[in-house]
Each structure stands twice: as structure tokens, then as C-alpha cells.
Amino acid sequence: MSTNLPVLVTGGAGYIGSHAVLALRDRGTPVAVIDNLSTGFRFAIPQGVAFYQGDIADADLLARIFAEQKIGAVMHFAGSIIVPESVENPLKYYHNNTAKSRVLIEAVVKAGVRHMIFSSTAATYGIPATSPVHEDVPKQPINPYGWSKLMTEQMLADTAAAHAFNYCALRYFNVAGADPAGRSGQSTAGATHLIKVAVEAALGKRDGVAVFGTDYATPDGTGVRDYIHVSDLAAAHVLALDALLEQPERSLTMNCGYGRGFSVLEVLDAVDRVTGGKLTRSMQPRRAGDPDSLVSDPSRIKATLPWVPRFADLDVIVAHALAWEEKLGDLRARDREQQRDAA
Ligand SMILES: NC(=O)c1ccc[n+]([C@@H]2O[C@H](COP(=O)([O-])OP(=O)(O)OC[C@H]3O[C@@H](n4cnc5c(N)ncnc54)[C@H](O)[C@@H]3O)[C@@H](O)[C@H]2O)c1
Ligand SMILES: O=c1ccn([C@@H]2O[C@H](COP(=O)(O)OP(=O)(O)O[C@H]3O[C@H](CO)[C@@H](O)[C@H](O)[C@H]3O)[C@@H](O)[C@H]2O)c(=O)[nH]1
């Protein structure tokens with residue numbers, strides 16, 4: 001079953017949200033976006049999508065959007081996402097991710113919107129006792145970011161138990177890559193994600209790549225992660241929405257990853273293969289709070305959704321990230337001009 005129920009995408013001007021907007025539009029679902037542009041970009045929202053510049057904690061604005069756009073479901077991406085920042089400024093994360101999600105969920109229930117997909121994270125697991133990680137292992141986040149998301153999952157579970165409402169919490173592993181057609185990608189300035197950093201370095205925007213930790217309990221001593229292509233992730237959201245509509249009594253919590261890990265060195269080798277160059281690597285001490293290995297057990301999502309990943313290939317992920325990075329300089333400059341003109 002697929003729906004043309006209009007969907008509100010919070011954080012739709014950001015990296016992952018903008019890919020969900022594309023996936024929804026590609027199958028003909030009407031989409032509206034709310035985003036305060038704190039880290040997102042106006043250029044990431046396609047022409048023809050209703051855009052509301054505002055905050056998810058603005059209950060009056062939400063009520064207006066739900067009515068104006070006849071919203072039937074919400075995909076909730078808006079939030080703060082930098083793990084080390086959450087350690088330094090935890091209250092920012094409990095405010096923007098947890099408290100503001102509470103306002104959004106309340107507005108959703110009040111308006112009679114019955115379905116929500118929520119961007120959760122593998123950071124809810126902390127340092128998992130087993131790898132690959134199954135959804136039901138005990139959750140012990142090791143940073144406020146992970147807690148802020150786990151608390152929102154709990155609010156959603158309690159809300160679904162009390163109201164005519166169901167939700168799907170998707171716990172993303174490491175999201176990377178860009179729209180294969182070049183319509184969107186990761187545009188964040190000063191990003192810290194490995195593949196983003198590495199393609200910036202490959203294009204001369206950085207001097208090289210720091211390898212954080214070479215003494216992990218992994219085959220080559222560097223951190224292992226499960227990298228998922230952002231367009232496969234966006235496709236999972238659309239299918240999860242269909243699943244919520246098919247069974248309105250059922251809520252879901254599912255890992256989003258491919259179930260196989262790559263070390264930092266393997267990722268850098270992939271970048272070298274794709275570019276034909278040689279990245280400068282500098283071996284550094286471990287970064288605080290990084291687990292050795294974080295790989296998903298994807299069996300639940302595969303059993304629940306008709307999800308068939310299309311880009312589960314590290315070189316493809318890197319190639320798409322690189323293609324977007326090449327395009328990005330001009331887009332960001334144009335966006336700054338538009339912001340100046342609008343001010
Ligand atoms: N990038 C990853 O690897 C990753 C992994 C796991 C989970 N996630 C989650 O996915 C979601 C999207 O992440 P992303 O990588 O696209 O980040 P992003 O920063 O590119 O996107 C977040 C968007 O939300 C907007 N926003 C933030 N606070 C807002 C608010 N209060 N009101 C309205 N808009 C607001 C920002 O302007 C931005 O456009 C986040 O919730 C994040 O926690 C990301
Ligand atoms: O310049 C860099 C950047 C990263 N790394 C290493 O690369 C791996 C991946 O790091 P990064 O890309 O920063 O992602 P994570 O810290 O694993 O966190 C991401 O993935 C999590 C889910 O797994 C999400 O919750 C987070 O929001 C998202 O930032 C880790 O071993 C890092 O130590 C480096 O060696 N050098």
C-alpha cells in the first residue's frame with residue numbers, strides 16, 4: 001500500500017530530510033517542510049514544496065501547517081546532531097531534541113495526525129555488548145545526544161499507548177553519500193563525519209584526514225562502522241510510512257544499516273580508489289566516546305519492510321558523496337546571497 005496522504009517533513013532543509021523529501025516527491029506524495037534553517041539550506045528544498053521557515057516548538061505554526069496542508073503524517077528529522085557538542089552543551093540537546101519533540105508530538109496528537117516517523121540513532125546503544133547490534137539489546141547511551149533521542153523514543157511509545165497514533169523510530173547507523181541524481185547531499189559546513197571529511201580532503205578543501213585511534217579491538221585497529229547510503233535510508237522512511245498506514249495499531253523500532261562494517265582505513269582506501277589519489281592520513285589518539293565497532297543487525301527491517309537497498313557499496317557511497325562535494329561550493333555561495341537578499 002502506498003499513500004498520497006500529505007506528509008510534513010521537519011528538518012527537510014537538512015541532509016537526510018532533504019533526501020526524504022525527494023523520495024516522497026518521486027512517488028507523488030504531497031510534501032511540506034518546516035525548518036528553522038539553523039543547519040539546513042533553503043536550496044535543499046525542491047521547487048514546489050510548501051516551505052515554512054520556523055521552529056518545531058512553535059505550536060501555533062504547526063497547527064496552521066497541519067490544517068493548511070491537510071497533513072496525515074510527520075517525518076521528524078529536525079534536531080541537533082553533533083555528539084561532542086552534546087557532551088559540552090547537554091541542555092541544548094535536551095531542549096532541541098527532546099523538549100521540542102515533545103511540543104511537536106503534542107501538536108500532532110492535538111491535530112489528529114496519526115503517524116510519525118522519527119530519526120533515531122545507533123547512539124542510543126552506547127557501547128553495545130554485541131555486534132552486530134539487535135534492536136532489543138539494553139540501551140545505555142554514552143552521550144547526551146543518544147539520551148536525547150532515546151527519551152524521544154520513550155515519549156513516542158507512551159503516546160502511542162495512550163492515543164490513536166503509531167510511530168516508527170528508525171535507528172540510523174552511519175549515514176553517507178548523496179542523491180545519485182545530484183539533487184541533494186550533505187552540505188553542512190564544518191561537518192565531522194568521516195566520509196564527508198575525506199571527500200573534502202580529496203578535493204583539497206582540507207589538508208588531510210585524521211585517523212582517530214589505531215588501537216581499537218578491530219582487525220586493523222581503527223573504528224568500524226556500518227555506512228548506509230542516504231537514498232537507501234530515505235527509501236526506508238517511505239516504506240516505513242506505508243507500514244504504519246497498513247497497521248495503525250502497530251508501532252515499530254528498527255535499525256537502518258546494511259549489517260556490515262568498514263574500518264576508517266578501509267573507508268580512506270575506498271576514497272583513494274574512487275579518486276585515483278592518495279589521501280594524507282595522520283594517526284591521532286582516540287576521539288572521546290567512540291565505540292570500537294558499531295554494526296547493525298538489519299534482520300528486523302528486512303523482515304518487516306520490502307526494503308531492498310540499491311546502493312550498498314562503499315565505493316558507490318563515496319562516489320556520490322564526492323560528486324555532491326564538487327557541486328557544493330557554488331550552491332552554498334548562492335544560498336548566502338539569497339539569505340542576504342531576504343534579510
Ligand atoms: N547524519 C547522521 O549520520 C545521523 C545518524 C543518526 C541520526 N541522525 C538524525 O537524523 C536527523 C537529520 O540529521 P541530518 O544529518 O540531516 O542533520 P542536518 O543538520 O543536516 O538536518 C537537521 C535539520 O533540522 C533543522 N532544525 C534543527 N532544529 C530545528 C528546530 N528546532 N526547528 C526546525 N528545524 C530545525 C536544521 O536547520 C536542519 O535543516 C537528526 O535528527 C539526526 O539526529 C543523523
Ligand atoms: O575525521 C575523522 C572522522 C571520523 N573518524 C572515525 O570514523 C568513524 C566514524 O565517525 P563519524 O563519521 O564521525 O561518525 P560516528 O561518530 O560513528 O557517528 C555517526 O553515526 C552515529 C550512528 O552510528 C550517529 O548517531 C551520529 O549522529 C553520526 O555522527 C569513527 O571511528 C571515528 O573515530 C576519523 O577517524 N576521522
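Just so you know, ligand 1 is whichever comes first in the structure, and atom 1 is the first atom listed for that ligand. In this chain, numbering begins with 1 at the start of the sequence shown. Because the structure is predicted, anything quoted here is derived from the model rather than measured.
The protein heavy-atom contact nearest to atom 1 (N) of ligand 1 is Ile16 CD1, 3.7 Å. Protein heavy atom nearest atom 17 (O) of ligand 1, with residue, atom name and distance: Ile81 CD1, 3.6 Å. Counting protein heavy atoms only, atom 2 (C) of ligand 1 is closest to Val175 CG2, 3.8 Å. The nearest heavy-atom contact from the protein to atom 43 (O) of ligand 1 is Tyr145 OH, 2.7 Å. Of the protein's non-hydrogen atoms, Phe77 O, 3.1 Å is the one closest to atom 40 (C) of ligand 1. Nearest protein heavy-atom contact of atom 21 (O) of ligand 1 is Gly14 CA, 3.5 Å. Closest protein heavy atom to atom 30 (C) of ligand 1: Asn36 ND2, 3.2 Å. Nearest to atom 10 (O) of ligand 1 among the protein's heavy atoms is Tyr172 CE1, 3.3 Å.
Taking only nitrogen or oxygen atoms, main chain and side chain alike, Ile34 does not reach within less than 3.5 Å of ligand 1.
Counting the atoms of ligand 1 from 1 in the order shown, those under 4.0 Å from a heavy atom of Ser119 are 9 (C), 10 (O), 11 (C), 41 (O). Each of the atoms 36 (C), 37 (O), 38 (C), 39 (O) of ligand 1 lies under 4.0 Å from some heavy atom of Gly40. If you number the atoms of ligand 1 from 1 as listed, the ones under 4.0 Å from a heavy atom of Asn96 come out as 27 (C), 28 (N), 30 (C), 31 (N). Of all atoms in ligand 1, numbered sequentially from 1 with element shown, those under 4.0 Å from a heavy atom of Lys100 are 31 (N). Using a 4.0 Å cut-off to heavy atoms of Ala78, the atoms of ligand 1 that qualify are 24 (O), 26 (N), 29 (C), 34 (N), 35 (C). Atoms of ligand 1 found under 4.0 Å from any heavy atom of Ser38 (numbered from 1 in listed order, with element): 26 (N), 27 (C), 28 (N), 36 (C), 37 (O). Near Thr39, the atoms of ligand 1 lying under 4.0 angstrom from a non-hydrogen atom of the residue are 18 (P), 19 (O), 22 (C), 36 (C), 37 (O), 38 (C). Per-residue contacts place Thr121 under 4.0 angstrom from the following atoms of ligand 1 (heavy atoms of the residue considered): 6 (C), 7 (C).
Annotation: side chain of Arg310 is not in contact with side chain of Ser231 (no heavy-atom distance under 4.5 Å). Here the side chains of Ile16 and Gln186 are not in contact, with every heavy-atom distance at 4.5 Å or above. Under the 4.5 Å side-chain criterion, counting only non-hydrogen atoms from C-beta, Tyr227 is in contact with Ile195. Residues Glu325 and Lys196 have side chains in contact (heavy-atom distance under 4.5 Å, counting atoms from C-beta outward). The side-chain heavy atoms of Phe311 and Asp232, taken from C-beta on, include a pair separated by under 4.5 Å. Looking at heavy atoms from C-beta onward, Pro6 lies out of side-chain contact with Val31 at the 4.5 angstrom threshold.
Every pair passing salt bridge (Lys or Arg N to Asp or Glu O under 4.0 Å) that includes a residue from residues 253-276 is listed here, sequence neighbours excluded: Asp226-Arg260, Asp269-Arg281, Asp272-Lys278, Asp272-Arg281, Arg273-Asp315.
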Residues Arg27, Asp242; criterion salt bridge (charged side-chain N to carboxylate O under 4.0 Å, His left out); working and verdict: CA-CA 12 Å; Arg27 72 156 192 183; Asp242 293 344; 3.0 Å; yes
Check against side chain to side chain contact (heavy atoms under 4.5 Å, CB included), Ile117 and Val74: CA-CA 6 Å; Ile117 314 265; Val74 172; over 6 Å; no
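The residue from Gly79, Gly11, Ser80 that puts a heavy atom closest to atom 27 (C) of ligand 1 is Gly79.
Heavy-atom separations between Gly54 and ligand 1 include at least one value shorter than 4.0 Å.
Under 4.0 angstrom from ligand 1, the non-hydrogen atoms of Lys149 all belong to its side chain. Heavy atoms of Phe41 found under 4.0 angstrom from ligand 1: none, in either backbone or side chain. When heavy-atom distances to ligand 1 are checked against a 4.0 Å cut-off, Ser120 comes that close only through its backbone atoms N, CA, C and O.
For the side-chain hydrogen bond (donor to acceptor under 3.5 Å, both in side chains) with Arg286, the lone residue among Asp215, Thr214, Thr222 that qualifies is Asp215.
Within 4.0 Å of ligand 2, protein heavy atoms belong to Ile81, Thr121, Ala122, Ala123, Tyr145, Tyr172, Phe173, Asn174, Thr192, His193, Leu194, Val197, Ala210, Val211, Phe212, Gly223, Arg225, Tyr227, Val264, Arg287, Asp290, Leu294, listed by chain and number.
Under a 4.0 Å N-O distance rule, the pair Glu85/Lys92 qualifies as a salt bridge. Look at Glu106 and Arg102 and you find a salt bridge, because one of the NZ, NE, NH1 or NH2 atoms lies within 4.0 Å of a carboxylate O, short of that distance. A salt bridge between Glu153 and Lys139 is absent, with no side-chain N of the basic residue lying under 4.0 Å from a carboxylate O of the acidic one. A salt bridge is absent between Arg64 and Asp58: the closest approach of a Lys/Arg side-chain nitrogen to an acidic carboxylate oxygen does not fall below 4.0 angstrom.
Here Tyr172 and His237 bring their ring centres to under 6.0 angstrom of each other.
The shortest heavy-atom contact between Arg183 and Trp324 is C-CZ3, 3.9 Å.
His19 contributes a side-chain N or O that, together with a main-chain N or O of Asp179, makes up a donor-acceptor pair within less than 3.5 Å.
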